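Just below is one structure, and these are the notes that go with it.
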Protein chains: 2
Amino acid sequence: MAHVHDVDQALEQLRAEGERITTARRVVLEQVAAAHRQHLTAEALAERVEAQHPDIHLSTIYRTLDFLTGAGILVDVRMGRGPAAYHFAGDAHHHAVCSGCGQVIELGSETFDPVIRRLADEHGFEADPSHLVIRGLCRDCRAG
Amino acid sequence: MAHVHDVDQALEQLRAEGERITTARRVVLEQVAAAHRQHLTAEALAERVEAQHPDIHLSTIYRTLDFLTGAGILVDVRMGRGPAAYHFAGDAHHHAVCSGCGQVIELGSETFDPVIRRLADEHGFEADPSHLVIRGLCRDCRAG
DNA sequence: CTTGATGCAAATGGTTTGCATGTTT
DNA sequence: AAACATGCAAACCATTTGCATCAAG
């Protein structure tokens, strides 16, 4: 099954699986979609959700994110320390993070294709990386 | 500077940098070395350290691990949820983890060379990945 | 009406911090 | 002696959980 990358697909999948569609789930999905490719933490998402639905509790956000991640609709990103962030599973992308200045370079999902091919050839492994973080030094920090 | 992969090199580096060599630092390094390529958490390390030095406090382990990581001697691994784990920076290696059965395939550090080359060419980014985890399906789970 | 989702408050786990004291250089 | 590392206890943050209530199917 291809990965979901918008609200309608997500809702459709949930319906197909007989899962319940609640206000919290719909609103969380809408906010993830609205943040388009950004990495939103549970807290950040909660703020946005609260603006329109003050009755939705933070713990519900956590449970909802957990649920949607378990369903394969969202993926969670854990960049080093700090809180987890979430985006649609269909928005696969990767990051190069500079250990010097913290700059983040966004990398297309094709960046790792050579590695994926190699894993397939050598190990029969079908890699499906939704979010990799690779550390190093950016051009400026190498020079400086 | 090449990455450290044993106690002596680590101590030498610290000495060269004018950093202090304390009991805690030495013992932590010894335990990381003794665990050879395993992923030890701060807590696991603390247990081992306590066996010989009951006076070394858990908070000191955390501070020491932080210090050694900051010095580039150790790297910290954050696999999904749960506590961080540590190993020598010189023991770079990567994992392919099967989402089906949980099997872990260990990958040599050269696996990502094509990607590293590409980042250098396209972004001037000097990647230094010490520990990547790539998810997917292993041969058996693809077939099954 | 049944099953599962939610609000709330309280607990948890991992990690960090302030401060007085002890150790390394 | 000066600078820094440590023990301890308390704080912290992100996240999870128990339980009574509420909503979706």
Side-chain angles (χ1 to χ4, degrees), chain A residues 10-32 39-71 73-86, chain B residues 10-32 39-71 73-86:
Chain A
L11 294 178
E12 191 182 347
Q13 178 183 328
L14 291 182
R15 240 173 255 124
E17 289 171 355
E19 297 289 358
R20 294 191 180 174
I21 296 175
T22 65
T23 310
R25 289 177 184 175
R26 195 175 3 240
V27 174
V28 165
L29 285 168
E30 281 163 10
Q31 289 303 328
V32 171
H39 293 160
L40 290 190
T41 65
E43 206 102 28
L45 231 16
E47 262 177 50
R48 287 160 159 77
V49 166
E50 194 173 28
Q52 302 202 306
H53 297 264
D55 48 317
I56 294 183
H57 198 269
L58 178 57
S59 71
T60 299
I61 304 282
Y62 277 107
R63 282 193 274 230
T64 301
L65 289 171
D66 235 46
F67 168 79
L68 294 171
T69 302
I73 291 171
L74 300 183
V75 294
D76 59 336
V77 180
R78 314 220 169 214
M79 302 253 284
R81 33 207 94 199
Y86 297 81
Chain B
L11 294 179
E12 192 182 346
Q13 178 183 328
L14 291 182
R15 239 173 257 125
E17 289 173 354
E19 297 289 358
R20 295 188 178 178
I21 296 176
T22 66
T23 311
R25 288 176 185 176
R26 195 175 3 240
V27 174
V28 166
L29 285 168
E30 281 164 11
Q31 290 303 329
V32 171
H39 294 163
L40 291 189
T41 64
E43 206 102 30
L45 229 18
E47 263 178 49
R48 289 160 158 77
V49 166
E50 195 173 26
Q52 303 202 308
H53 297 265
D55 47 317
I56 294 181
H57 198 269
L58 178 58
S59 71
T60 299
I61 305 281
Y62 277 108
R63 279 192 275 228
T64 301
L65 289 171
D66 236 45
F67 168 78
L68 294 171
T69 303
I73 291 171
L74 301 182
V75 293
D76 59 336
V77 180
R78 314 219 168 215
M79 300 253 284
R81 35 205 93 198
Y86 297 82

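Source: prediction; values computed, not measured. Letters A, B, ... are given to chains in the order of the sequence lines, protein chains preceding strands, and every chain is numbered from 1. Note that these values count all heavy atoms, side chains included, but never hydrogens, waters or copies made by symmetry.
Between the CG atom of A:Leu45 and the CD atom of A:Glu50 there is a distance of 12.0 Å, given to the nearest 0.5 Å. A distance of 11.0 Å separates CD in A:Glu17 from CD in A:Glu12, rounded to the nearest 0.5 Å.
Atom P of nucleotide C:dT15 and atom NE2 of B:His57 are separated by 15 Å, given to the nearest angstrom. The distance between atom CD of B:Glu43 and atom P of C:dG14, rounded to the nearest whole Å, is 6 Å. Rounded to whole angstrom, the span from the CD1 atom of A:Ile61 across to the P atom of C:dC8 amounts to 13 Å. In this structure, A:Asp55 places its CG atom 13 Å from C1' of C:dC8, rounding to the nearest Å. Straight-line distance from the CG atom of B:Leu65 to the P atom of C:dT15: 9 Å, rounded to whole Å. For the pair B:Leu68 CG and D:dA5 P, the computed distance is 11 Å after rounding to whole Å. As rounded to whole Å, 14 Å separates atom C1' of C:dG4 from atom CG of A:Leu14.
Checking A:Tyr62 against B:Phe67, the closest nucleotide of DNA chain D that is more toward the 5' end is the one next to B:Phe67.
The phosphate of C:dT24 has neither OP1 nor OP2 within less than 4.0 Å of any side-chain N or O from B:Arg25.
Considering A:Leu65, A:Leu68, A:Thr41, A:Leu40 in turn, A:Leu65 is the only one that fulfils the side chain to side chain contact (heavy atoms under 4.5 Å, CB included) rule with A:Tyr86.
Residues A:Ile61 and A:Ala42 approach most closely at CG2-O, 3.8 Å, considering heavy atoms.
Legend: residues meeting ring pair (Phe, Tyr, Trp, His ring centres under 6.0 Å) with A:His39, ordered by chain and number and at least two apart, are A:His87, A:His93, A:His95, A:His131.
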Letter by letter from the 5' end, nucleotides 17-25 of chain D scores (B base, S sugar-phosphate only, - none; protein heavy atoms under 4.0 Å) BB----BBS

